[in-house]
Q: 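Pasting in a structure now, in structure tokens, and then I'll have a few things to ask.
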Amino acid sequence: MCGILGAVGAPDEIREECLLQGLTGLAHRGPDDCGWHVISQGGPKPTSMFLGNRRLAILDLSPAGHQPMQDRDTGSWIVYNGEIYNFREIRSELESHGITFNSQSDTEVILKAYGKWGAGCLDYFRGMFAFAIWDAGTRGLFLARDRFGEKPLYYFHRDRLFLFASEVRSLLRTGLVPRQLNEVGLMEYLRYGSVSAPDTLLRGVRSLPPAHCLLLKDGEATLRKYWDLNSAERDLAASGPVRHIGRETLIELRTQLEDAILLRTVSDVPVGIFLSGGVDSSALVALLSRKHPNLSTFSVVFNELDYSEAQYSRSISTHFGTDHHEIVISSHAVVTSLPKIIGAMDQPTVDGVNTYLISRETRRMGYKVALSGLGADEIFGGYETFRTVPRMEWFAWCAGTINPRLRHLLASIIRGAISKHRPRAEKLAVLIEGDGSVPHPYALARMLFMPRQLRQLSLFGDGMDVDPAEAPLADILKWAQRFDPVNRTSYLELRHYMPNTLLRDSDSMSMAHGLELRVPFIDHKLAEFLFRISGAAKLQRGLSKWLLIEAVQGLLPQQVVHRPKRGFTFPFELWLKKEMRQDMEDVLLDTSANPLTGVDRKFVATVWKDFLAGKATWSRPWSLYVLKQWVDMFLESQTSSSTVDIQEPGRCQAMARN
């Protein structure tokens, strides 16, 4: 696990002092080692290449795992962030072809696999990764990102200059990227509480989408998707999806689960588990305890009993005999940590505070790797969206048969009649209107601010109220249409909410402390298997994630299996109205401070007022607070200094130049 940064351009554009400053900004991601290398190429258009890496040593802790790494046989170079869990199997296959290795690292396996199969090497990898390879033979730069977007990779391309890095903030620290707000990214953030890839909040900076690779050659960048979930659907076109869940299906599912989980314990350092006491993390503990009897678990607990899940996590810890650690979080701890929490956000987000705090304490206890139950809701149908979105699709179709003028009248009546439940009323009204302001009911279900509110909130005018047909979600929807309603919702969650919010936040908040977070449920083999099962079969028996429960039948205590589902959340509803109120109002209502670019100050005050009156959820004012603080910290500030806890461990080691 690492942080990477690189650049390609004319020799006078590859300014080492600027790029090293950007690399220093990744110190928290890789506190164990640092290296960089410059390659110079002559010719009619001379080109220089900078490759930099900050290393968090997980596999092969020796100096043999140092990056940048060169393949002596081909002359190619790599910088890499992530883990290839099946690297030993790939290595064995490569060795059968006569290929030799100089280390025990998965980094070298990627490099040798690329040398053997080129871009086809991506088909072999099972894991999370973002890497860049300078191909000495073709004089091209090859970048790739894992299938679900667990590891981030951003790039900036202007004329002949091409920059890439693991974090947006690292690109800013180079001073080579303008500190300009991207209006499209801003609108995406206000819609969903996070910016949707490939956009970012910075103008000109793009996110390489999950399951994509990019080839830069002669200054031209070519983007290509190398994998998608619906390929499994095409493979079963003749036989159709599995509609009856029998014993054989459940046995295979457990095998797939165990395989995915055990693969993610591959490590040369101890591995812990984030344990909430819910079905997802409890299933991880249950399945792992069969192979690893001495597990360490970590839980966040609150003094507010209505939000604390301590009794459930303690029950699982006792049942499986884990070495359990409870991390007590108070409102005071959150308030005092807010500058560092927002400073750790690579892009603003309404999520991630919990991951930041539990990661900090887990790292302080000496752990470099932890497993999380994230992703089970998306692949097993755990969210309420799996029931509401298919119903909304049907309702929208029915509304579409009504005269447009009548639909508009009905929407107006609903907005006026259900004022006490304004968010729900607005969503219902938008659904009835069908005016094209949202591309799909799923988008409506996940929206933070509604279209009418966005027009009030944004100062960019109607021209910047981005056409949904051009929004990042539109392309995902095209691929999603091939599935049944439940699997379509799963696909949308996996392709939109999870990579843009959950995985991005998990990466930035854990790596802020040099902790590698692994998510066993986000395994492409497991996901492909589950997408062969019909959506109707996944929602049987009235139990949330009943397929997961059936797969671990007999391993979990009944009180965990049958407990009411609740999402893990901090008591922000209480804290924002009490302990955090003054800080929120200082930011949201301060008329003497610089207003947030592009956002109407009066409407911000209205959002806060509605929250205090119980007419809006806490996430709306919180999103505006985070946005203002992040922009002030990284776009308004000229230093963009890091506020994470990891200290700079030393200077980078430069490799010999070519």
Side-chain angles (χ1 to χ4, degrees), residues 179-195 201 203 338 342 345 347-350 411-412 414-430 433 435 437-438 443-444 446-468 471 572-573 575-637:
R179 297 176 185 273
Q180 297 176 347
L181 188 70
N182 175 20
E183 295 89 349
V184 175
L186 174 62
M187 295 303 293
E188 284 292 305
Y189 175 80
L190 294 174
R191 278 191 178 95
Y192 303 113
S194 64
V195 184
L201 207 62
R203 187 179 299 171
L338 274 179
I342 295 175
M345 293 178 182
Q347 293 191 75
T349 173
V350 297
S412 300
I414 288 171
R415 288 189 176 102
I418 320 178
S419 57
K420 290 184 178 180
H421 302 283
R422 187 179 299 174
R424 291 184 180 180
E426 182 61 26
K427 288 189 176 184
L428 181 59
V430 170
E433 278 181 319
D435 59 0
S437 58
V438 293
L444 192 60
R446 280 293 179 192
M447 286 188 83
L448 183 64
F449 288 101
M450 296 297 101
R452 286 160 60 95
Q453 294 172 316
L454 289 173
R455 287 190 286 271
Q456 293 175 285
L457 191 57
S458 172
L459 294 178
F460 291 117
D462 292 339
M464 283 312 306
D465 192 4
V466 183
D467 183 355
F572 275 118
E573 187 80 24
W575 293 352
L576 263 60
K577 292 180 178 178
K578 295 182 179 180
E579 296 93 333
M580 298 173 67
R581 178 168 179 168
Q582 188 61 55
D583 192 35
M584 293 289 294
E585 293 184 343
D586 285 346
V587 172
L588 298 180
L589 305 181
D590 185 5
T591 57
S592 63
N594 292 328
L596 178 61
T597 303
V599 176
D600 184 83
R601 178 180 287 172
K602 292 181 179 179
F603 190 75
V604 171
T606 300
V607 171
W608 178 247
K609 181 180 178 181
D610 284 349
F611 165 70
L612 294 177
K615 297 179 181 179
T617 63
W618 63 268
S619 56
R620 288 180 177 173
W622 172 251
S623 70
L624 297 173
Y625 171 89
V626 169
L627 179 64
K628 178 68 166 65
Q629 296 289 72
W630 192 93
V631 169
D632 285 351
M633 191 177 296
F634 293 106
L635 298 190
E636 299 297 331
S637 167

Q: For Trp630 and Met345, indicate whether the former's side chain and the latter's backbone hold a donor-acceptor pair under 3.5 Å.
A: yes
Q: Answer yes or no for Arg620 and Phe449: cation-pi contact, defined as NZ/CZ to six-membered ring centre under 6.0 Å and angle to ring axis within 45°.
A: yes
Q: Are the side chains of Arg581 and Leu612 in contact, using a 4.5 Å heavy-atom criterion?
A: yes
Q: Just so I know, are the side chains of Met580 and Trp622 near enough to count as touching, which here means a heavy-atom distance under 4.5 Å?
A: yes
Q: Which heavy atom of Gly185 sits nearest a heavy atom of Val195, and at what distance?
A: O-CG2, 3.6 Å
Q: Quick one: are Asp632 and Val587 in side-chain contact, heavy atoms under 4.5 Å?
A: no
Q: Is any side-chain heavy atom of Val430 closer than 4.5 Å to one of Met447?
A: no
Q: Could you tell me whether the side chain of Tyr189 reaches within less than 4.5 Å of the side chain of Gln347, counting heavy atoms only?
A: no
Q: Mind checking the OG1-NZ spacing from Thr606 to Lys615? Nearest 0.5 Å is all I need.
A: 11.0 Å
Q: Of all residues at least two apart in sequence or in a different chain, which pass the side chain to side chain donor-acceptor pair (under 3.5 Å) check with Ser623?
A: none
Q: Do Leu190 and Leu448 have side chains that get closer than 4.5 Å, going by heavy atoms?
A: no
Q: Side chains of Asp583 and Tyr625: does their closest heavy-atom pair fall under 4.5 Å?
A: yes
Q: Go through Met584 and Leu589 one step at a time and tell me if the side chain to side chain contact (heavy atoms under 4.5 Å, CB included) criterion holds.
A: CA-CA 8 Å; Met584 293 289 294; Leu589 305 181; over 6 Å; no
Q: Sequence neighbours left out, what passes salt bridge (charged side-chain N to carboxylate O under 4.0 Å, His left out) with Lys577? Give chain and number order.
A: Glu573
